[in-house]
2 protein chains.
Amino acid sequence: MATSGHQGRKPRADVQRNRAVLLETAQRHFLRHGVGTSLEAVAKEAGVGPATLYRHFPTREALLAAVLQTRSEELVARQADIEQLGDPAEALEQWLRAMEEYFSAYSGLPEPLMAAARAQEPDGPLTIPCDILITATDQYVRAAQHAGHVRASVQGYDLFLAACSLAWIKGNGTDEESLGRLRALIASGYRERDTQA
Amino acid sequence: MATSGHQGRKPRADVQRNRAVLLETAQRHFLRHGVGTSLEAVAKEAGVGPATLYRHFPTREALLAAVLQTRSEELVARQADIEQLGDPAEALEQWLRAMEEYFSAYSGLPEPLMAAARAQEPDGPLTIPCDILITATDQYVRAAQHAGHVRASVQGYDLFLAACSLAWIKGNGTDEESLGRLRALIASGYRERDTQA
DNA sequence: CATCAAAACGGATGCAGCCTCCGTATGCAT
DNA sequence: ATGCATACGGAGGCTGCATCCGTTTTGATG
């Protein structure tokens with residue numbers, strides 16, 4: 001699959017190789033140092049000059065989007081699992097957890113996500129992926145609402161924001177205990193009160 | 001009052017003047033460009049060299065703490081108002097709003113606050129102020145719990161985190177509508193369910 | 001296999017911001 | 001008025017970002 005389709009031209013060999021090694025190196029650096037890591041360092045460790053990195057990925061956001069692309073497969077896989085259980089409330093909960101973990105992959109990731117989420121026109125490389133996630137969340141929310149498990153006032157976007165926030169908090173070093181309590185607090189905030197088990 | 005007390009030495013005149021103008025200039029720059037603003041620019045506009053700024057405030061965090069110090073008076077004033085109303089639930093809610101607005105004063109403020117909040121030893125200039133806020137929040141929470149308005153599992157620290165998150169979200173440009181919904185969601189998350197209002 | 005043009009590479013470079021060193025100027029006590 | 005401690009601030013080293021341009025690599029063609 002990769003970039004998919006057949007372009008008008010055939011891609012050169014080293015281009016693909018450089019792109020691949022850049023992506024892998026960037027992912028490791030993002031993991032270790034957060035998304036704010038030095039792009040020069042990434043280029044150097046990838047064995048290419050800075051210009052090559054910028055040629056492949058014009059902005060830090062573009063590089064980030066490309067790295068996330070590979071990770072998003074996990075999320076899709078999770079979606080398959082989630083949709084197999086019939087309970088919409090449980091599905092929503094698991095989906096939110098999946099998103100939160102996805103957002104927590106690299107420290108500093110929530111910031112650009114938030115920036116992309118509020119962008120109206122798809123000007124940034126992250127805008128489309130974000131919109132997809134928000135839309136997906138909204139569907140889970142609606143399903144749970146239809147089943148009477150989630151309050152009517154809640155929107156998918158709200159819970160996307162909540163997941164982003166949780167990831168942000170986690171990324172800033174908060175202990176798992178407090179994080180768990182906050183997660184529970186949010187859950188009991190969006191759940192319908194008169195749930196008859 | 002100022003730095004309070006009587007030191008072993010007497011402070012020089014220009015020192016105090018520089019400190020004052022630096023604080024005022026920094027506040028304006030923080031307001032306009034966020035807490036990540038260029039410190040060199042602050043120094044230049046304050047009419048002093050970079051070294052002077054760093055001598056007065058060794059780190060960005062120190063400068064930030066000093067700037068916040070002046071702002072914290074508003075918060076104290078709010079506390080007086082809040083404690084006058086007898087309803088603990090209402091008091092907690094207003095306190096959380098006050099904190100959120102305080103945290104939203106400058107864009108980028110929540111990050112260092114979070115960093116300071118989890119620090120064990122008071123190594124950072126923001127650690128003490130943060131602990132004060134957390135303790136205060138905990139008192140409001142306990143009062144509301146005692147009155148049966150807030151779930152027993154909730155801790156002050158949790159709501160401090162929540163306020164921080166809301167400020168962070170607001171600072172990242174989210175519209176007031178979504179923000180309001182999320183705020184309501186959190187509120188109905190920490191409130192006790194069987195409130196016989 | 002030799003040749004060639006397009007495409008990609010990467011070092012060099014300019015810029016901005018951080019932070020520190022050290023010679024100089026300033027303020028305060030005497 | 002003098003002297004000394006104290007504070008000042010420009011210069012400079014460092015890191016990271018982003019771009020330009022001479023050189024190299026690649027793959028297509030004869």
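Treat the numbers as computed from the prediction; the structure is a model and nothing was measured. Here is how names work: the chains are called A, B, and so on, in the same order as the sequence lines, proteins then strands, and each is numbered from 1.
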Exercise. Side-chain N or O of N18(A) less than 4.0 angstrom from OP1 or OP2 on dC9(C)?
Worked result: yes
Exercise. If only side-chain N and O atoms of T52(A) are considered, is one of them under 4.0 Å from the OP1 or OP2 phosphate oxygen of dG10(C)?
Worked result: yes
For this session: Please state whether the phosphate of dC9(C), meaning OP1 or OP2, lies under 4.0 angstrom from any side-chain nitrogen or oxygen of H56(A).
Result: yes
Seminar exercise, completed: Taken to the nearest whole Å, CZ/R55(B) to C1'/dG10(D) is 12 Å
Problem set entry | Candidates dG16(D), dG27(C), dC18(C) - which lies nearest the side chain of D14(B) | dG27(C)
Exercise. For A51(A), which contact category applies under a 4.0 Å heavy-atom criterion: base, sugar-phosphate, or nothing?
Worked result: base
Problem set entry | Interatomic distance, E40(B) CD vs dC15(C) P [rounded to whole Å] | 15 Å
Problem set entry | Heavy-atom donor-acceptor pair, R12(A) side-chain to dA7(C) base, under 3.5 Å | yes
For this session: Would you mind classifying the nucleic acid contact of T37(B) as base, sugar-phosphate or nothing, using non-hydrogen atoms under 4.0 angstrom?
Result: sugar-phosphate
Problem set entry | Gap between atoms CZ and C1', on R19(A) and dC9(C) respectively (whole Å) | 17 Å
For this session: Run the salt-bridge test on R191(A) and E93(A) with the 4.0 Å N-O cut-off and return the result as yes or no.
Result: yes
Exercise. G47(A) near the nucleic acid: base, sugar-phosphate alone, or nothing, with a heavy-atom cut-off under 4.0 Å?
Worked result: sugar-phosphate
Problem set entry | For atom CZ of R17(B) and atom P of dC28(C), their distance in whole Å | 10 Å
For this session: For the side chain of Y54(A), starting at C-beta, report the closest nucleotide among dG9(D), dT19(D), dG10(C).
Result: dT19(D)
For this session: Look at the side chain of R60(B) and the base of dG17(C), then say whether one donor and one acceptor between them are separated by less than 3.5 Å.
Result: no
Problem set entry | Value in whole Å for how far the P atom of dC8(D) lies from NZ of K44(B) | 19 Å
Problem set entry | Atom-to-atom span, CD of Q16(A) to C1' of dT26(D) - whole angstrom | 13 Å
Exercise. Can you name the one residue among K170(B), R78(B), R71(B), R183(B) that meets salt bridge (charged side-chain N to carboxylate O under 4.0 Å, His left out) with E101(B)?
Worked result: R78(B)
